[in-house]
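Positions are given from 1 along the sequence.
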Amino acid sequence: MNLWDFIVQRWDRLLPEAALHASAVIQCTAIAAVAGVALGVAVYRSPAGSAIATALTSAILTVPSFALLGLLIPVLGLGVAPTVVALVLYALLPIVRNTIVGLSGVDSAITDAARGIGMNRLRVLTRIELRLAWPAILTGIRVSTQLLMGIAAIAAYAKGPGLGTEIFSGLTRAGSANATNQALAGTLGIVVLALLVDGVFVLVGRLTVSRGIRD
C-alpha cells in the first residue's frame, strides 16, 4: 500500500489526531503566552531580572524532551497533564525574550510624552508600550507555536494526544506492513499543521499590527 492510500484508509483516525495535536499546541501556547508576557512585563525594566528570566527559560530548552517527560510522569502520571506542563515550559523562552526585547525597544520619548499628558504607569504600559511591542511579542508566540508542533509529537511517549502516536506506533513496528507509511503520515500531518497555523499567524499579524508599525 502506498502512502496516499494509507492516508485515505486511515483518514477517520488521522483527522481527530491532527485536531487533538493542533488543539494541544494552541492551548499550551496560549497559556505560555499569558505567563511569558506577564514575566516579560515584570522584568523588562531590570537588566538583572531580564537576564535571569532569559537564562532560566533558556535552561529549560537544554533539557531533552524525553528526559523532561520522564521526570514529570512520576509526579503527574500519563496523559494530558505532563504533556501540557512540558509544552508550556518549552514555549516560554521565545515569548519571554521577545516581550523583553519589544518593550525595551519602545522609544522613551513616546512614554515620556504619554506621562506628560497625565497617563499613569498602567495606562502607558497597556495602551502604548504593549501595543508597540506587539509585533515582537507575536513573533515570539509564532516561534513557540512552531517549536511545539514538533515537541508535541514526543508527548506520545507520555500517552499524550496528537499525531505523535502514529509516529511512535510506526517506529515501534518498523519492518512490518505499513509501519513506514504510519510514521510518515504522522510526520507529514505535523508539517501540514505547522504550515497552516503559521499562515494563521501571518493573517493575525496583518490584522492586528498597524501598517505604520509594520513599515
Side-chain angles (χ1 to χ4, degrees), residues 21-63 68 76 80-81 83-152 193-215:
H21 194 99
S23 176
V25 169
I26 292 171
Q27 291 182 67
C28 290
T29 303
I31 296 170
V34 173
V37 171
L39 180 58
V41 168
V43 303
Y44 82 98
R45 289 179 169 274
S46 166
S50 298
I52 292 171
T54 302
L56 289 176
T57 51
S58 297
I60 295 171
L61 283 181
T62 66
V63 180
L68 182 57
L76 301 174
V80 173
T83 300
V84 170
V85 172
L87 293 183
V88 170
L89 290 175
Y90 280 125
L92 284 175
L93 175 60
I95 299 171
V96 171
R97 182 176 58 194
N98 278 38
T99 300
I100 293 171
V101 170
L103 290 172
S104 300
V106 175
D107 191 341
S108 60
I110 297 175
T111 56
D112 289 342
R115 293 191 188 95
I117 62 173
M119 283 189 177
N120 59 30
R121 177 72 189 90
L122 181 60
R123 292 184 68 191
V124 171
L125 174 65
T126 56
R127 300 187 64 178
I128 295 177
E129 291 179 309
L130 284 174
R131 291 187 180 186
L132 292 175
W134 173 241
I137 296 171
L138 183 61
T139 299
I141 297 172
R142 183 177 175 183
V143 170
S144 291
T145 304
Q146 297 303 306
L147 179 68
L148 294 193
M149 279 292 177
I151 295 176
L193 282 178
L195 292 174
L196 290 174
V197 172
D198 196 55
V200 171
F201 273 107
V202 172
L203 180 61
V204 170
R206 290 285 181 181
L207 295 175
T208 60
V209 179
S210 68
R211 183 175 299 178
I213 297 177
R214 288 202 307 266
D215 297 339

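Partner Thr29 forms a side chain to side chain contact (heavy atoms under 4.5 Å, CB included) with one of Val197, Val88, Leu148 and no other, that one being Leu148. Just one of Arg45, Arg123, Arg115 meets the salt bridge (charged side-chain N to carboxylate O under 4.0 Å, His left out) condition when paired with Glu129; it is Arg45.
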Carefully, step by step, assess Leu61 and Leu147 under the rule side-chain contact (heavy atoms from CB on, under 4.5 Å). CA-CA 11 Å; Leu61 283 181; Leu147 179 68; 4.0 Å; yes
Under the side-chain contact (heavy atoms from CB on, under 4.5 Å) rule, what do Leu93 and Ile60 come out as? Steps first, then yes or no, please. CA-CA 8 Å; Leu93 175 60; Ile60 295 171; over 6 Å; no
Asn98 vs Ile137, test: side-chain contact (heavy atoms from CB on, under 4.5 Å). Steps then yes/no. CA-CA 5 Å; Asn98 278 38; Ile137 296 171; 5.6 Å; no
Under the criterion side-chain contact (heavy atoms from CB on, under 4.5 Å), I'd like the reasoning laid out for Val41 against Leu130: C-alpha separation, chi angles, the key distance, then a yes or no. CA-CA 9 Å; Val41 168; Leu130 284 174; 4.1 Å; yes
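The distance from atom CG of Leu193 to atom OG of Ser23, rounded to the nearest 0.5 Å, is 11.0 Å. Rounding to the nearest 0.5 angstrom, the gap separating the CD1 atom in Ile128 from the CG atom in Leu103 is 12.5 Å. For the atom pair Leu87 CG and Leu68 CG, the distance stands at 9.5 Å (nearest 0.5 Å). To the nearest 0.5 Å, atoms CG (Leu196) and CE (Met149) are separated by 8.5 Å. Here the NE2 atom belonging to His21 is positioned 10.0 Å from the CD1 atom belonging to Ile26, to the nearest 0.5 angstrom. The OG1 atom of Thr139 sits 7.0 Å away from atom CZ of Arg142, with the distance rounded to the nearest 0.5 Å.
Nearest heavy atoms, Val96 versus Ala53: CG1-CB, 4.3 Å. The two residues Gly36 and Thr99 come nearest to each other via the heavy atoms O-OG1, 4.3 Å. What you find for Gly102 and Ala136 is that their closest heavy atoms are CA-CB, 3.9 Å. Looking at every heavy atom in both residues, Tyr90 comes nearest to Val63 through OH-O, 2.6 Å.
Val43 is listed as a side-chain neighbour of Ile100, based on a closest heavy-atom distance under 4.5 Å. Val106 places a side-chain heavy atom less than 4.5 Å from the side chain of Thr111. For the pair Ile95/Ile141, a side-chain contact is recorded, criterion being any heavy-atom separation below 4.5 Å from C-beta on.
More than 12 heavy-atom neighbours from other residues, nucleotides or ligands sit within 6.0 angstrom of CZ on Arg121.
Distance alone, capped at 3.5 Å, is enough to place a donor-acceptor pair between the Thr57 side chain and the Thr54 backbone.
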